[in-house]
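Taking it in order: structure first as structure tokens, then the write-up.
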Amino acid sequence: QVQLVESGGGLVQAGDSLRLSCAASGRTFSFSSYSMGWFRQAPGKEREFVAAITRTGRTTYNADAVEGRFTISRDNAKNTVYLQMNSLKPEDTAVYYCAAAIGGLVLRIQKDQYTYWGQGTQVTVSS
């Protein structure tokens, strides 16, 4: 069974930074074979794509709304993917989810392309 556990969320002020982590585990789960992504969901809104990274970490892609402020990275030795969030804005307030997709050489931005999901971590940005 695959488990993704997010951490690092919290309440911050506009302009602050946070780093989210997502630790993956599972007896037969080969983290380095999967591309990874971050999504977020604000109250009353659809879950939306934030960032994605290929299995090697060489290629990443960000949503326009976070480009230049957020950075996705991964450490395959630690089975962990990160989301560094800088210059946070109130509109970044949401529950943030990490997800894993089979086929690690391809960046994926659609929710239904991901197989495994974490439970989410709340990020709240006050103005």
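Worth saying up front: this structure is predicted, and the values here are computed from it rather than measured. If you read the sequence from its start, that first residue is 1, and numbering goes on from there.
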Distance (rounded to the nearest 0.5 Å) between [X] [atom1] and [Y] [atom2]:
X: N62; Y: F70; atom1: CG; atom2: CZ; answer: 9.0 Å
X: Y96; Y: L18; atom1: OH; atom2: CG; answer: 9.0 Å
X: M36; Y: S73; atom1: CE; atom2: OG; answer: 11.5 Å

Expected output: side-chain E6 to main-chain C98 donor-acceptor under 3.5 Å | yes
Is a side-chain N or O of W38 found less than 3.5 angstrom from the main chain of L20, in a donor-acceptor match?
-> no
R74 to F31, cation-pi by 6.0 Å centre distance and 45° axis angle | yes
F39 six-ring centre to R47 NZ/CZ under 6.0 Å and within 45° of normal | no
Distance-only donor-acceptor check, side chains N86 and S17, under 3.5 Å = yes
Mind jotting down which residue pairs meet the disulfide (SG to SG under 2.5 Å) criterion with at least one end in residues 35-91? Sequence neighbours excluded, please.
-> none
Under the side-chain contact (heavy atoms from CB on, under 4.5 Å) test, residues paired with A65 that sit two or more places apart = R40
Salt bridge (charged side-chain N to carboxylate O under 4.0 Å, His left out) with R69: which residues, sequence neighbours excluded?
-> D92
Listed once per pair and sorted, the side-chain hydrogen bond (donor to acceptor under 3.5 Å, both in side chains) pairs that draw on residues 99-123, sequence neighbours left out | Q122-T124
Looking only at non-hydrogen atoms, find the nearest pair between S32 and N76 and report the distance.
-> CB-ND2, 3.7 Å
Looking only at heavy atoms, the pair that brings A14 and S127 closest together is CB-CA, 4.4 Å
Decide whether V95 and V66 are clustered together by the hydrophobic rule: side chain heavy atoms of Ile, Leu, Val, Met, Phe, Trp, Tyr closer than 4.5 Å, transitively.
-> no
Under a single-linkage definition using a 4.5 Å side-chain heavy-atom cutoff for Ile, Leu, Val, Met, Phe, Trp and Tyr, are I109 and Y97 assigned to the same hydrophobic cluster?
-> yes
Just wondering, do K89 and V125 contact through their side chains at under 4.5 Å, heavy atoms?
-> no
Do V123 and T93 have side-chain heavy atoms sitting under 4.5 Å apart?
-> no
Kindly indicate, with the supporting measurements, whether the criterion side-chain contact (heavy atoms from CB on, under 4.5 Å) is fulfilled by L83 and T71.
-> CA-CA 6 Å; L83 185 68; T71 303; over 6 Å; no
Using a 3.5 Å cut-off and no angle test, enumerate the donor-acceptor pairs between side-chain atoms of residues 21-30 and protein atoms at least two apart in sequence or in another chain.
unit_1 : atom_1 : unit_2 : atom_2 : d
S30    : OG     : S33    : OG     : 3.1

N/O donor-acceptor pairs under 3.5 Å from side chains in residues 53-61, not counting sequence neighbours:
unit_1 : atom_1 : unit_2 : atom_2 : d
T54    : OG1    : T59    : N      : 3.4
T54    : OG1    : T59    : O      : 3.4
T56    : OG1    : R58    : N      : 3.2

